[in-house]
Number of protein chains: 2
Amino acid sequence: MPENLEATQAATAGTRPGGRSARVRADMVTATLAELTEKGYDQLTVEAICHRAGVHKATAYRRWGGVDGLIAGALALSADQPWPIPDTGNVDDDVELLAREVYITFTDRDLRTTPTALIGAALRSDLGAAALGAFFAARHQQAAEVVTRAIGRGQLPFGVDPVELVRATTAPLYHRLFITGEPLDERAAHRAAAAALLAARAGLFDAAVR
Amino acid sequence: MPENLEATQAATAGTRPGGRSARVRADMVTATLAELTEKGYDQLTVEAICHRAGVHKATAYRRWGGVDGLIAGALALSADQPWPIPDTGNVDDDVELLAREVYITFTDRDLRTTPTALIGAALRSDLGAAALGAFFAARHQQAAEVVTRAIGRGQLPFGVDPVELVRATTAPLYHRLFITGEPLDERAAHRAAAAALLAARAGLFDAAVR
DNA sequence: CGTCTAACGCGACGCTGGTCGCCTTAGTAT
DNA sequence: ATACTAAGGCGACCAGCGTCGCGTTAGACG
């Protein structure tokens, strides 16, 4: 394994970005997601991904170091892409929508497969876990916008830590989905949003103190 | 693979529980945890575990079906063992202690390694994930006692769903630990406990309605 | 105390995931 | 336009995981 860290970086920004490398990278990411969605992590094999992408095995191992690196790469790409952030003018609705968005994404029969498989797969290696951390950091940062706007409008007290509110809203949902494996329903999403807002207004998420 | 489900059950309750089988099982569980703690999941190999336990490779594959089964078995054993539940007479303190217990378990330099490795490993396979679900179900059930007692004492309103309160208390912590990989501190534990209690008293965790 | 059989020990084998060295191709720089 | 080089293609090779069939052992039961 020629330095995993380097491999991941290379996957994100090759020293020779033009033309072929970029195409190979794109093809491999696509193929990875496709294979992952169809067969799941346990049946995921580098050879199958390569075959689908029309790329040689050795290349995949060189650039990504294995299955885990490929998943980390796919996740890194997803982290860059922007996510629709609700903006109704009312925090309560915005946060509720945030929670509902997560609920829908991982529940709807047509939408859930790929995201579920991708995150589930990321949990299965140290490399993937690291990429997942970065992914959520990016997402939280984006979603925090909802909170900062609300503070600006006076709908939430000043001290509130935006990211903490976002975390509190989504944590119970991801917890159910990926840790306890309990079913996720609308009520759970609503509860999470309401509880998070309540705590924020009680000053529990204030950045400064405990 | 000869029916994974069956393999897990067999690991839990062999048809011939007396003597040797039981010893083999115990030795293997111990060895699994030891190897897992020392080397981590990625370096975990059935052969090494068997060598340490003085058990033949084929036996391990027959009974547990592979590394994942061994981890599921270890987890199933942990799920059975009781956990110390706080009982101070005051819910606020009890819930706070519940959160703190999680915090300590996964933060203290001397305690954290094995539990962290075990849960982390469980997340890396479907079999392990299933065992993890059962594990948390058992834990939640035990911890719910704190809440039912509090309701009996009139410290919490009647409708509160005990398990939901426990979940809300611990979810943010496990979320940080195993999903986003963010550091866990005392403040986070306190926040989780306080927020959960607040939500419960606001009726957000009432069993009946949304 | 003798018999029965479930479970374990044993070693050899096949398969597949991952590596290596060399050659070819396609961006890049001048 | 031409030379340079990073990156990909290629196939052979190696090792370690997981399997299989058989012999052995030790609980269980009368």
Stepwise side-chain contact (heavy atoms from CB on, under 4.5 Å) check, B/V147 with B/L156: CA-CA 8 Å; B/V147 182; B/L156 284 176; 3.9 Å; yes
Side-chain N or O of B/R25 closer than 4.0 Å to phosphate OP1/OP2 of C/dC8: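 No, because none of the side-chain N or O atoms of B/R25 sits under 4.0 Å from OP1 or OP2 of C/dC8.
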Could you work out, with salt bridge (Lys or Arg N to Asp or Glu O under 4.0 Å) as the rule, every residue matching [X], not counting sequence neighbours?
X	result
B/R112	none
B/R149	B/D87, B/E145
A/D42	A/R124

Interface with DNA chain D, restricted to residues 29-37 of chain A and to heavy atoms under 4.0 Å: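 Nothing qualifies; none.
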Polar atoms only, N or O, under 3.5 Å: list the protein pairs with nucleotides 13-15 of chain D and their distances.
none

Expected output: side-chain [X] to main-chain [Y] donor-acceptor under 3.5 Å:
X	Y	result
A/R100	A/A189	no
A/D94	A/T88	yes
B/T59	B/V55	no
A/Q142	A/W83	yes

Side-chain heavy atoms of A/I179 within contact of B/I179, under 4.5 Å: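 Yes - at least one pair of side-chain heavy atoms lies under 4.5 Å apart.
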[X]: partners by side-chain contact (heavy atoms from CB on, under 4.5 Å), with sequence neighbours left out:
X	result
A/L198	B/L198, B/A202, B/L204
B/D108	B/I104, B/D110, B/L111
B/L184	B/Y103, B/T107, B/L173, B/R176, B/L177, B/A188

Rounded interatomic separation in angstrom, taking [atom1] from [X] and [atom2] from [N]:
X	N	atom1	atom2	result
A/W64	C/dT19	CH2	P	15 Å
B/R23	D/dG27	CZ	C1'	11 Å
B/R63	C/dA6	CZ	C1'	11 Å

DNA chain C contacts among residues 44-54 of chain A, heavy-atom distance under 4.0 Å: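 Listed by number, they are A/T45, A/E47.
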Pair B/E182, B/T180: side-chain N/O donor-acceptor within cut-off below 3.5 Å: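 Distance-only check passes for B/E182 and B/T180.
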Under 4.0 Å protein heavy-atom contact, by nucleotide of nucleotides 20-25 of chain D - B base, S sugar-phosphate only: BB---B
Aromatic ring pairing A/Y174/A/F136, orientation class (parallel under 30°, perpendicular over 60°, tilted between):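 Ring orientation of A/Y174 relative to A/F136: perpendicular.
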Inter-axis angle, terminal five-pair segments of the helix from C/dC1-D/dG30 to C/dT30-D/dA1 [nearest 10°]: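 The end axes of the helix from C/dC1-D/dG30 to C/dT30-D/dA1 are about 40° apart, to the nearest 10°.
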Pairs touching residues 26-38 of chain B that satisfy side chain to side chain donor-acceptor pair (under 3.5 Å), sequence neighbours left out: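 Non-adjacent pairs meeting side chain to side chain donor-acceptor pair (under 3.5 Å): B/E35-B/K39, B/E35-B/R52, B/T37-B/T114, B/E38-B/R52.
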Options C/dG17, D/dG9, D/dT19, nucleotide nearest the side-chain atoms of A/Y61: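 The answer is C/dG17.
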